[in-house]
Amino acid sequence: MRIFDEILRIRKNFFESVKNIKNAEQLNNVRVVYIGRKGKVSRLLRTISDLPSDIRPKVGQELNSLKDEIEDKLKDLGLKINPHHQRFKIDETLPGRRFFAGHKHPLKIIMEKIFEIFFSLGFSLVEGPLIEDDWHNFTALNIPEYHPSRDMHDTLYIEGSGNLLLRTHTSPVQIRILKNNTPPVAVIVPGKCFRKDAIDASHFPVFHQIEGLWVDRDISFADLKGVLMGFVTRLFGKVESRFRPSFFPFTEPSCEMDISCPLCGGKGCSTCGGQGYLEILGAGMVHPAIFKNSGVKGEWQGFAFGMGVERIALIYYGLADIRNFYNNDIRFLDQFR
Ligand code: DAH
């Protein structure tokens, strides 16, 4: 058979012609002549369809194995000519790859410090839904429709749901807790809150709050002060506290709590804007409407408070910009390892 003789001849010629190869260029020339697109083997492979059908498989087999043989030989020769030319190059001068162990986010660290303090006072932790209805987020908290304080809580409404929204604070969980539990209750409620805020150094549309609620037979404003003053001292060390009258629809009376700036000791610095004091939370005695709206009957009274976790974390670490918490910049986060 002419074709089989030709295959043998090509094989013989190939091994003959690689004997004296000395460099990559010669090697490549041989490659082109034999297995390049127009090379001897490739050309024959293309003529297979013209052959009588009984010898086609055998010819195909022989040509393909010859092609494999040629490729192997050329690869061997290539390695001999340039031993560093390997499929996987290894650069031994590169430094080893470091593995990073994860660690807690600074907001998580602060939240856990806060939890610890309230756990030690007997509070337990409860969570509520991030998607709330208008009733729990506003109306039941004594914030009726068209009440001006809804303006400050502009948020993201769930389209087509009628009355569902992303909760603007953790206070709606007060209603849920009182609805489902008979006092006494002492709880803290951490979680994400949402507002339609523009992003700047102290605002972000998603942020975290920790709500607190203690209801019992004779909880007074003195208990509110005692618990919160104890809390700030344990978190920040020796600081002065100050309670200013304020207004929240769901507490009466209401107050805001300031602490002397832990960074400058009250002298005035960039963190406290030269004031010496920093506002850290809102609080007050639970408004009777809250008990009524959550179906609590009987002689109960209590206090509630709400704090922004980002704000506490900024003060605790002496940071200026809330955006650092969300940028996922490893150079920032690594400092809290
Ligand atoms: N919910 C309030 C806010 O987001 C914070 C707050 C103030 C919570 C007073 C309370 C409270 O429980 O008693 O602005």
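In listed order, ligands and their atoms are each counted from 1.
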Fill in: Contacting atoms of ligand 1, where contact means under 4.0 angstrom from a heavy atom of Ala283
9 (C), 11 (C), 13 (O)
Discussion item. List ligand 1 atoms under 4.0 Å from Gln209, heavy atoms only on the residue side.
Written reply: 3 (C), 4 (O)
Item to complete: Give me the one residue out of Phe118, Phe221, Phe248 that meets ring pair (Phe, Tyr, Trp, His ring centres under 6.0 Å) with Phe305.
Response: Phe118
Fill in: Interfacing atoms of ligand 1 (cut-off 4.0 Å, heavy-atom, Thr251)
13 (O)
Practice prompt. Counting heavy atoms only, name the option from Arg195, Met257, Glu211 that's nearest to atom 4 (O) of ligand 1.
Written response: Arg195
Worksheet item: Any ion pair linking Asp334 and Arg337 (charged N to carboxylate O, less than 4.0 Å)?
Response: yes
Worksheet item: Below 4.0 Å from any atom of ligand 1, is there a heavy atom belonging to Met307?
Response: no
Worksheet item: Can you list the atoms of ligand 1 that are under 4.0 Å from a heavy atom of Gly284?
Response: 13 (O)
Discussion item. Under a 4.0 angstrom heavy-atom cut-off, which atoms of ligand 1 come close to Phe248?
Written reply: 7 (C), 9 (C)
Discussion item. Has Arg242 got a side-chain atom pairing as donor or acceptor with Glu279's backbone, closer than 3.5 angstrom?
Written reply: no
Practice prompt. Examine the proximity of ligand 1 to Phe250 and report which part, side chain or backbone, both or neither, has a heavy atom under 4.0 Å away.
Written response: side chain
Practice prompt. Report the member of Ser149, Ala304, Gly306 with the shortest heavy-atom distance to atom 5 (C) of ligand 1.
Written response: Gly306
Worksheet entry | Note: Arg150-Asp134 ion pair, threshold 4.0 Å (strictly below) | yes
Item to complete: Enumerate the atoms of ligand 1 whose separation from the nearest heavy atom of Gln174 is less than 4.0 angstrom.
Response: 12 (O)
Practice prompt. May I ask you to decide if the ring planes of Phe236 and Tyr316 are parallel, tilted or perpendicular, using 30° and 60° as cut-offs?
Written response: tilted
Practice prompt. Would you indicate whether the side-chain heavy atoms of Gln174 and Glu211 approach each other to under 4.5 Å?
Written response: yes
Worksheet entry | Identified side chain to side chain contact (heavy atoms under 4.5 Å, CB included) partner of Arg167 from the options Val173, Asp133, Ile131 | Val173
